[in-house]
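All values derive from a computational prediction rather than experimental measurement.
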Amino acid sequence: MVLARFLRPALPVTSTLPLLCRLAAVRHRSLVALAGMAAVPATLSASAAQIGGFLSKKPYAPPSWATHLSPMPSHTFSLGHFPTPIHKWNLPNLPEGTEVWIKRDDLSGMQLSGNKVRKLEFLMADALAQGADCVITVGGIQSNHCRATAVAAKYLNLDCYLILRTSKLLVDKDPGLVGNLLVERLVGAHIDLVSKEEYGKIGSVALADLLKKKLSEEGRKPYVIPVGGSNSLGTWGYIEAIREIELQIQQSVDAQFDDIVVACGSGGTIAGLALGSRLSSLKAKVHAFSVCDDPEYFYDYVQGLIDGLQSGLDSHDIVSIENAKGLGYAMNTAEELKFVKDIAAATGIVLDPVYSGKAAYGLLKDMADNPAKWKGRKILFVHTGGLLGLFDKADQLSALAGSWRRMDLEDSIARKDGTGKMF
């Protein structure tokens with residue numbers, strides 16, 4: 001099988017003192033970075049951020065085909081590394097004439113990897129505009145969105161409060177340092193745990209409002225970001241992504257896509273993709289594979305998001321949603337995990353087990369069951385990131401991962417000095 005491959009003078013030292021000063025400065029910057037930028041004053045962050053535009057606030061001008069949508073954001077905050085690449089994805093056993101390409105939103109940034117950063121660019125700009133000094137959001141114990149929010153908040157000198165859903169047996173225990181939790185705790189996010197039963201009874205909105213009220217009484221200025229960053233404002237993140245895809249097709253991608261395929265966990269990503277694709281020149285059919293709840297819930301939720309932008313469209317007309325949750329949110333069958341491993345071994349693309357893994361699994365299963373539906377079509381699969389979620393599945397993946405062995409050495413081998421000597 002042909003594997004998809006992703007191709008892409010010293011200063012003189014005039015005295016010892018300047019060298020030591022430079023080394024000290026480098027060491028200081030490294031320590032600050034390791035601390036999640038917590039020690040960097042806001043004024044320094046703002047001035048340094050102007051280099052290259054990263055971490056800078058800028059006025060937002062929408063695509064020409066989206067100017068009738070309202071309300072329209074006035075500003076955005078540059079948090080991601082865009083455009084993310086699009087390249088051919090050589091998946092096995094495709095229907096005749098079918099091509100699959102992949103949009104690598106998993107490469108949107110190391111700590112912010114995934115689709116969440118696109119929404120946060122608009123939501124964080126709004127938080128700052130409203131004078132917030134902290135943000136609140138809600139998600140599962142390994143929520144990619146919560147991790148991305150924690151990092152983005154620290155970039156912008158805001159405190160972050162996370163309400164994380166876990167099992168009844170673990171709600172009173174230290175959640176540990178696995179996957180997304182490690183990053184959240186390193187950057188100093190405040191974590192409140194709730195059980196799944198409490199979450200189901202109270203709901204994410206009421207939980208966030210409860211914490212908002214408490215913080216407000218303490219004199220703080222909290223800004224609430226919904227689950228997954230999925231509200232009408234966050235939807236602009238993937239409206240903007242469609243403009244990015246349009247430009248990539250015009251400039252470098254030799255494909256006009258018939259379909260866009262993506263995982264659905266909170267609704268904002270598919271709302272932006274579907275609305276943008278319909279309004280733009282793209283006109284690709286958007287297929288969403290839901291990893292929680294059910295399709296009817298998401299049709300209703302997406303309808304609310306696009307109604308909030310006064311689009312005048314019906315969600316059933318712009319997106320097709322299929323159930324791919326399997327055992328449930330963030331739960332995997334052995335077959336699903338084997339699929340993630342097999343795709344990584346065959347193509348070099350590592351899918352996360354919660355979102356893109358289930359979406360790709362659902363797509364290829366549908367292709368096997370209904371090959372005529374996909375025959376000859378050009379498909380763009382949006383990889384929404386979430387690699388850190390794999391660490392929570394390490395025990396289940398241990399039997400599937402690649403093998404290892406101790407290197408065989410001969411006692412008579414003579415030592416040769418060379419580069420790479422470590423001791």
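A side-chain donor-acceptor contact under 3.5 Å links Gln142 to the backbone of Asn180. Formation of a donor-acceptor pair under 3.5 Å by the Gln303 side chain with backbone atoms of His316 is not found in this model. In this structure, the side chain of Tyr301 engages the main chain of Ser230 through a donor-acceptor pair within 3.5 Å. Lys283 places a side-chain N or O within donor-acceptor distance of the main-chain N or O of Ser280, the cut-off being under 3.5 Å. Here the side chain of Ser232 pairs a donor or acceptor atom with the backbone of Leu305 at under 3.5 angstrom. Not a single donor-acceptor pair under 3.5 Å links the side chain of Glu336 to the backbone N or O of Pro353. In terms of modelled atom types and a separation under 3.5 Å, the side chain of Ser356 and the main chain of Thr384 share a donor-acceptor contact. In terms of modelled atom types and a separation under 3.5 Å, the side chain of Lys393 and the main chain of Val354 share no donor-acceptor contact.
Listed by chain and residue number, nothing satisfies the ring pair (Phe, Tyr, Trp, His ring centres under 6.0 Å) test with Trp65 (two or more places apart in sequence, or in another chain).
Taking CD1 of Ile191 as the start and CG of Leu193 as the end, the distance is 7.0 Å to the nearest 0.5 Å.
A side-chain donor from one of Tyr238 and Asp105 sits under 3.5 Å from a side-chain acceptor of the other. Side chains of Thr347 and Asn90: a donor-acceptor N/O pair is absent below 3.5 angstrom, by distance only. A donor and an acceptor atom, one from each side chain of Ser167 and Lys196, are nowhere located under 3.5 Å apart.
The residues Arg243 and Glu240 are annotated as salt-bridged, a charged nitrogen and a carboxylate oxygen being separated by less than 4.0 angstrom. Electrostatic pairing of Asp174 and Arg185 counts as a salt bridge here, judged by a charged N lying under 4.0 Å from a carboxylate O.
Taking 4.5 Å as the limit, every side-chain heavy atom of Leu162 sits out of range of all side-chain heavy atoms of Asp192. Residues Tyr329 and Arg165 are in side-chain contact: their nearest non-hydrogen atoms beyond the backbone lie under 4.5 Å apart.
A side chain to side chain donor-acceptor pair (under 3.5 Å) check over residues 121-140, counting only residues at least two apart or in different chains, returns the pairs Asp126-Gln130, Asp126-Tyr223, Asp133-Arg220, Thr137-His145.
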